[in-house]
*Asks:* 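Below: one structure in structure tokens.
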Amino acid sequence: MKKEDKAKIIEKIQGDLSKSKVMIAADYRGLSAAEMTNLRKQLREAGVVFHVVKNTLTKLAATKEGKAGLETLLKGPTAIAFGLKDEAATAKALVNYIRSTRSTLQIKGGFLSQKVLTPAEVQSLALLPSKEVLIGMVIGQIKAPLYGIVGVLAAPMRGLVGVLQARAKQMEAAPQ
């Protein structure tokens with residue numbers, strides 16, 4: 001491969017590294033071309049870019065980008081899923097593909113916020129709810145005490161209204 005071609009590949013990988021929020025490395029041995037195409041299609045729908053990479057060129061790009069810990073995952077045949085949107089969605093998409101197709105694809109690990117992830121940590125990342133669900137859960141936790149306060153503050157007023165209504169009924173029933 002020519003030096004110019006290698007420089008272009010390094011630049012492309014470096015661009016993917018800079019744009020991505022999470023990277024998950026996988027061993028793709030045993031996948032057919034049709035399975036790789038199907039995997040890329042499913043990952044693309046989740047906002048994930050999936051590339052088979054050359055380890056030496058990826059190490060150079062990672063060093064240039066300041067993601068030095070990524071080198072530990074670059075052993076043997078490697079493909080990297082670059083998560084451009086949601087961190088958990090990337091892990092979910094890969095894990096769901098492996099489960100649904102019983103694929104031979106094996107997760108080597110990941111890289112998130114300057115931290116190298118083990119395959120088990122990638123699996124646990126896949127179990128996280130989506131960002132929207134987490135936001136909804138936080139909002140629900142914030143709203144619950146507010147509803148409690150409203151109920152406590154409204155209770156005396158409801159009691160007073162109940163007493164006044166009972167007295168009004170009593171006055172209506174009393175002979176004049």
Side-chain angles (χ1 to χ4, degrees), residues 1-140:
M1 185 180 292
K2 293 181 182 178
K3 194 173 185 177
E4 298 84 27
D5 294 338
K6 288 181 183 179
K8 286 179 184 177
I9 292 171
I10 290 171
E11 189 177 306
K12 168 105 174 75
I13 293 170
Q14 193 175 350
D16 287 339
L17 287 170
S18 68
K19 288 185 237 170
S20 62
K21 295 183 178 187
V22 65
M23 290 149 290
I24 299 174
D27 185 346
Y28 62 90
R29 281 184 281 198
L31 289 179
S32 67
E35 290 172 324
M36 283 292 271
T37 303
N38 186 27
L39 171 61
R40 282 189 174 111
K41 180 183 174 194
Q42 286 185 13
L43 292 178
R44 197 175 314 115
E45 291 170 0
V48 180
V49 177
F50 190 73
H51 293 298
V52 173
V53 295
K54 291 186 76 57
N55 292 341
T56 53
L57 299 179
T58 305
K59 286 177 187 176
L60 290 170
T63 304
K64 283 184 178 181
E65 194 57 39
K67 299 186 188 262
L70 190 60
E71 289 101 16
T72 59
L73 303 173
L74 300 173
K75 293 180 178 83
T78 305
I80 298 181
F82 297 96
L84 305 176
K85 294 180 182 174
D86 188 11
E87 295 86 349
T90 303
K92 271 184 196 169
L94 266 175
V95 170
N96 286 342
Y97 175 81
I98 292 169
R99 279 190 197 136
S100 66
T101 62
R102 297 192 176 151
S103 175
T104 59
L105 185 75
Q106 291 182 337
I107 295 174
K108 292 181 176 184
F111 194 78
L112 174 68
S113 302
Q114 303 300 325
K115 183 183 181 304
V116 177
L117 303 175
T118 65
E121 289 173 326
V122 173
Q123 292 281 347
S124 65
L125 183 61
L127 297 175
L128 284 176
S130 69
K131 188 176 183 178
E132 293 80 19
V133 171
L134 286 173
I135 290 171
M137 290 168 67
V138 169
I139 290 172

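The residues of the chain are indexed from 1 along the displayed sequence. The figures here come from the full heavy-atom set of this structure, side chains too, leaving out hydrogens, waters and symmetry mates.
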*Asks:* Lys108 side chain to Lys75 main-chain N or O, any donor-acceptor pair under 3.5 Å?
*Replies:* yes
*Asks:* Could you tell me whether the side chain of Ser124 and the main chain of Val122 form a donor-acceptor pair under 3.5 Å?
*Replies:* no
*Asks:* Who pairs with Lys54 by side chain to side chain contact (heavy atoms under 4.5 Å, CB included), at least two apart in sequence or on another chain?
*Replies:* Met1, Leu57
*Asks:* Which residue is it: Leu112, Leu94, Leu117? I am looking for the one with a side-chain contact (heavy atoms from CB on, under 4.5 Å) to Ile24.
*Replies:* Leu94
*Asks:* If you round to the nearest 0.5 Å, how far is CG of Leu128 from NZ of Lys92?
*Replies:* 7.0 Å
*Asks:* Can you give the donor-acceptor pairs under 3.5 Å from side chains of residues 38-51 to other protein atoms, not counting sequence neighbours?
*Replies:*
| from | atom 1 | to | atom 2 | distance (Å) |
| --- | --- | --- | --- | --- |
| Arg40 | NE | Phe50 | O | 3.1 |
| His51 | NE2 | Asp16 | OD2 | 3.4 |

*Asks:* With a 4.5 Å heavy-atom cut-off, do Leu74 and Ile80 have their side chains touching?
*Replies:* yes
*Asks:* Can you tell me how far CG of Asp5 sits from CD1 of Ile10, rounded to the nearest 0.5 angstrom?
*Replies:* 11.0 Å
*Asks:* Mind checking what makes salt bridge (Lys or Arg N to Asp or Glu O under 4.0 Å) contact with Glu121, not counting sequence neighbours?
*Replies:* Lys115
